[in-house]
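What you see is a predicted model; the values in this text were computed from it and never measured. Worth knowing before you read on, the calculation uses all heavy atoms, side chains too, and leaves out hydrogens, waters and symmetry mates.
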Amino acid sequence: MRKFVLGDIHGGLKAIHQVLERANVTKNDTLIFLGDFVDGWSESPAVLDFLIALQKKQPCIFIRGNHDELLLDWLLGNNENIDEKLWFQHGGEATVKSYQNIDTETKEKHIHFLQSLQNYYLDTENRLFIHAGFTNMKGVEHEYFKPLFYWDRTLWETALALDPNLSKDAITYPNRLTIYKEIYIGHTPVTKINETIPVNKACVWNVDTGAAFKGKLTIMDIDTKEFWQSDALPELYPNENGRN
């Protein structure tokens, strides 16, 4: 049995099918999805339908992303939690349009699924899987403001800015980067630093390879670090803009 981690999907169902096939995933493999299943490409409802069905076939762990929480608020009518103009600019408009012909029963299934998402997952080898990050220097269990799990960017920025020659024993070494064996995140595409494949800085692995924009969806074997990618999403959805 293998363990895989997948980056941000953002409504790109075709990309999921590609990476699962290219990695030769079987029903015995565990899949850890880092969140942001929706907002961007046109198939957000279909992505959720696929994931709901997939978890009945094999072990799956679904982490909550900020866009998943935004969709949940919209489906529940919690509009006071949404800046609609900003959300629409960042993929929400495509999601709202894709729900125009979705029946009430399906929406209820999606609400239940989105409510069931985990804020993070910590495995038996002390490897943390989380959408964005955390800020408490003692770790995720001590985080006071839980939405930071899917909104934070400081963990990744800290890992990026860290001097690779700095000893872990140094008094200035960030404590957040000493707690876990490895941390797997999405949320901030590596394309922002002109990369196209998963990036490892300190103990942090960022596997968001820009599928919401012009990049690809990535699936990675957690143990071997071998990875597979879909085609670039604009090639899979040539008549759409995604979040570009």
Side-chain angles (χ1 to χ4, degrees), residues 2-55 57-58 60-63 65-68 71 88-99 102 110 129 131-132 156 184-200 205-244:
R2 295 179 293 173
K3 249 184 171 180
F4 293 99
V5 63
L6 292 91
D8 302 29
I9 297 166
H10 287 290
L13 180 63
K14 295 177 182 178
I16 304 177
H17 287 301
Q18 281 191 337
V19 294
L20 295 182
E21 181 179 350
R22 290 173 181 179
N24 195 27
V25 171
T26 74
K27 65 180 181 180
N28 296 318
D29 297 323
T30 297
L31 300 173
I32 303 173
F33 293 85
L34 291 176
D36 275 6
F37 309 118
V38 302
D39 290 354
W41 306 101
S42 62
E43 297 193 274
S44 287
V47 166
L48 297 187
D49 286 336
F50 177 79
L51 297 179
I52 290 168
L54 186 66
Q55 66 183 342
K57 301 176 183 178
Q58 68 187 98
C60 292
I61 295 165
F62 300 112
I63 305 299
N66 56 309
H67 286 271
D68 310 316
L71 173 58
F88 274 32
Q89 289 174 349
H90 292 276
E93 184 174 11
T95 299
V96 170
K97 287 181 178 178
S98 69
Y99 268 94
I102 301 299
H110 291 179
F129 301 83
H131 179 65
W156 178 235
Y184 291 85
I185 65 168
H187 191 49
T188 305
V190 298
T191 49
K192 289 184 177 292
I193 54 171
N194 299 320
E195 297 286 352
T196 59
I197 62 174
V199 174
N200 173 221
W205 280 91
N206 188 336
V207 294
D208 179 358
T209 48
F213 301 96
K214 297 180 180 179
K216 304 174 179 181
L217 178 64
T218 294
I219 183 173
M220 187 168 77
D221 185 313
I222 296 161
D223 295 308
T224 67
K225 304 302 185 284
E226 185 178 7
F227 65 89
W228 299 261
Q229 294 184 302
S230 69
D231 296 345
L233 272 290
E235 296 174 12
L236 297 177
Y237 297 92
N239 299 316
E240 301 178 24
N241 293 325
R243 292 180 61 194
N244 297 299

Between [Y] and [X], is there a side-chain heavy-atom distance shorter than 4.5 Å?
{"X": "Leu20", "Y": "Ile219", "answer": "yes"}
{"X": "Thr209", "Y": "Phe227", "answer": "no"}
{"X": "Ile9", "Y": "Ile16", "answer": "yes"}
{"X": "His67", "Y": "Arg243", "answer": "yes"}
{"X": "Leu13", "Y": "Asp49", "answer": "no"}
{"X": "Lys216", "Y": "Ile197", "answer": "no"}
{"X": "Val19", "Y": "Thr218", "answer": "no"}
{"X": "Lys14", "Y": "Ser230", "answer": "no"}

[X] side, atom [atom1]; [Y] side, atom [atom2] - distance, nearest 0.5 Å:
{"X": "Asn244", "Y": "Asn241", "atom1": "CG", "atom2": "CG", "value": "7.0 Å"}
{"X": "Leu217", "Y": "His10", "atom1": "CG", "atom2": "NE2", "value": "10.0 Å"}
{"X": "Phe4", "Y": "Gln58", "atom1": "CZ", "atom2": "CD", "value": "9.5 Å"}
{"X": "Phe62", "Y": "Leu54", "atom1": "CZ", "atom2": "CG", "value": "5.5 Å"}
{"X": "Arg2", "Y": "Ile222", "atom1": "CZ", "atom2": "CD1", "value": "11.5 Å"}

Tell me, please, which residues at least two apart from Phe213 pass ring pair (Phe, Tyr, Trp, His ring centres under 6.0 Å). none

Is a side-chain N or O of [X] found less than 3.5 angstrom from the main chain of [Y], in a donor-acceptor match?
{"X": "Thr30", "Y": "Lys3", "value": "no"}
{"X": "Trp228", "Y": "Asn24", "value": "no"}
{"X": "Gln18", "Y": "Leu236", "value": "no"}

Pairing residues for His131 by the side-chain hydrogen bond (donor to acceptor under 3.5 Å, both in side chains) criterion, not counting sequence neighbours: Asp36, Asn66, His187

When you look at [atom1] of [X], are more than 12 heavy atoms from neighbouring residues, nucleotides or ligands closer to it than 6.0 Å?
{"X": "Glu21", "atom1": "CD", "value": "no"}
{"X": "Lys225", "atom1": "NZ", "value": "yes"}
{"X": "Lys214", "atom1": "NZ", "value": "no"}

For Tyr99 and Leu71, which heavy atoms make the closest approach, and how far apart are they? OH-CD2, 3.7 Å

Identify the two heavy atoms, one from Asp221 and one from Asp223, that lie closest to each other, and give their separation to 0.1 Å. OD1-N, 2.9 Å

Looking only at side-chain N and O atoms, does Ser44 offer a donor or acceptor that is under 3.5 Å from a partner on Ser98? no

Whether Tyr237 and Trp41 hold their rings parallel, tilted or perpendicular, with breakpoints at 30° and 60°: parallel

Identified side-chain contact (heavy atoms from CB on, under 4.5 Å) partner of Phe33 from the options Leu6, Ile63, Ile61: Leu6

